[in-house]
Amino acid sequence: MHHPNIKRAISQITVLLLGPIWIGLILALLPAPTPVQAAANVRWSDTALQSSPALTIYLPLIHRSPTPEEQLIALINAERSRNGRSPLSINPLLMQAAEAHSQDMVNRNFFDHINPDGQDPGDRLDNVGYNYAWAGETIGAGYTTPQAMFNAWMNSSGHRDILMEKEFTEIGIGYVTGGYYGHYWTADLARPAP
């Protein structure tokens, strides 16, 4: 005598045992996948663009830190703003003249507005081709950061007066390391001639 529950159990065991065998046989009878090969000499004009899932790669943002010269100009302009003065624009010729003077002080071991050849700030502006109506210069040596140089100039009435002069509209800063004091700063300020 057969019991229906035993018949069902045998049927389930048969499926469990034979199931993987049947799946294996079916997979064996399927054709093998064709290997993918790159087409030789494919031209873009011969291919159709097809949409496909996109992969987005995020590159880090490159942030350039301000130079010591830019930092010092920002400090000067912030102070000018607090004192009701217009900000100074950076002028490449003034930057060139200021850097050349700082480098000259390092190279020839002096610290002065007048170089060993007798040239003064006006001569240096003429040398770079800057035509000015008003001009002034401040220098500093030994100060290792823009903030330290700024503080020293602000604590000196003569330097502060030049940096806050309302007639000036443009600036150039030259910062060079080396020499006896290690750090040399020149600020050339001017208003171009009309």
Side-chain angles (χ1 to χ4, degrees), residues 55-194:
L55 175 64
T56 303
I57 299 172
Y58 293 93
L59 296 175
L61 294 175
I62 297 173
H63 176 69
R64 183 185 70 83
S65 297
T67 65
E69 294 89 344
E70 291 168 336
Q71 292 174 42
L72 185 51
I73 291 169
L75 290 167
I76 292 166
N77 278 336
E79 185 67 19
R80 285 178 65 88
S81 178
R82 282 191 289 275
N83 287 274
R85 302 286 189 259
S86 298
L88 301 167
S89 300
I90 297 173
N91 181 283
L93 294 176
L94 294 178
M95 294 291 283
Q96 182 181 342
E99 184 173 349
H101 186 57
S102 290
Q103 189 65 60
D104 192 27
M105 289 190 288
V106 168
N107 292 348
R108 297 203 278 174
N109 195 31
F110 74 97
F111 180 69
D112 201 317
H113 292 284
I114 299 174
N115 72 17
D117 300 327
Q119 291 188 330
D120 63 22
D123 295 322
R124 287 190 288 278
L125 296 185
D126 290 341
N127 290 343
V128 297
Y130 186 91
N131 189 14
Y132 60 92
W134 288 78
E137 182 178 83
T138 62
I139 58 175
Y143 298 95
T144 59
T145 66
Q147 185 69 59
M149 186 69 265
F150 173 76
N151 293 343
W153 281 341
M154 290 299 107
N155 290 324
S156 165
S157 60
H159 291 96
R160 181 180 175 84
D161 289 346
I162 291 172
L163 295 171
M164 295 299 116
E165 173 57 55
K166 66 179 181 177
E167 295 298 329
F168 295 140
T169 59
E170 298 180 333
I171 190 171
I173 301 276
Y175 170 63
V176 176
T177 58
Y180 182 78
Y181 293 107
H183 304 267
Y184 289 78
W185 304 83
T186 300
D188 284 327
L189 301 96
R191 172 189 288 272

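Hydrogens, waters and symmetry mates play no part in the numbers below; they use all other heavy atoms, side chains included. All values derive from a computational prediction rather than experimental measurement. Index from 1, following the sequence.
A donor-acceptor pair shorter than 3.5 Å cannot be found between the side chains of Gln103 and Tyr184.
Salt bridge present: Arg160 and Glu79 bring a charged side-chain N and a carboxylate O closer than 4.0 Å. Salt bridge status for Glu137 with Arg124: present, with a side-chain N to carboxylate O gap under 4.0 Å. Taking the charged nitrogens against the carboxylate oxygens, Arg64 and Glu70 do have a contact shorter than 4.0 Å, which makes a salt bridge.
Looking at every heavy atom in both residues, Ala135 comes nearest to Leu125 through CB-CD1, 3.6 Å. Considering every non-hydrogen atom in both Leu93 and Val128, the closest pair reads CD2-O, 3.3 Å. When all heavy atoms of Gly174 and Ala98 are compared, the closest pair comes out as N-CB, 3.3 Å. Contact detail for Ile171 and Ile76: the closest heavy-atom pair is CD1-CD1, 3.9 Å.
A donor-acceptor pair under 3.5 Å is absent between the side-chain atoms of Ser89 and the main chain of Glu170, judged by distance alone. Here the side chain of Asn155 pairs a donor or acceptor atom with the backbone of Asn151 at under 3.5 angstrom. Side chain of Arg191 to main chain of Phe168: no donor-acceptor pair is present (N/O by atom type, distance under 3.5 Å, no hydrogens or angles). The backbone N or O of Asn115 sits nowhere less than 3.5 Å from a side-chain atom of Arg108 that would complete a donor-acceptor pair. In this structure, Asp123 contributes its side chain and Asp120 its backbone to a donor-acceptor pair below 3.5 Å. Distance alone, capped at 3.5 Å, is enough to place a donor-acceptor pair between the Asn77 side chain and the Leu88 backbone. Judged by distance alone, with hydrogens and angles left aside, the side-chain atoms of Arg80 form a donor-acceptor pair with the main-chain N or O of Leu163 at under 3.5 Å. A donor-acceptor contact shorter than 3.5 Å links the side chain of Trp185 to the backbone of Tyr143.
Residues Phe111 and Val106 fail the side-chain proximity criterion, which asks for heavy atoms closer than 4.5 Å. When side chains are defined from C-beta on, Ile114 does not count as touching Gln119, because their heavy atoms never get closer than 4.5 Å. At a threshold of 4.5 Å between non-hydrogen side-chain atoms, the residues Pro192 and Tyr130 count as touching.
When each of Gln71, Glu69, His183 is tested with Tyr175 by the rule side-chain hydrogen bond (donor to acceptor under 3.5 Å, both in side chains), just one qualifies, namely His183.
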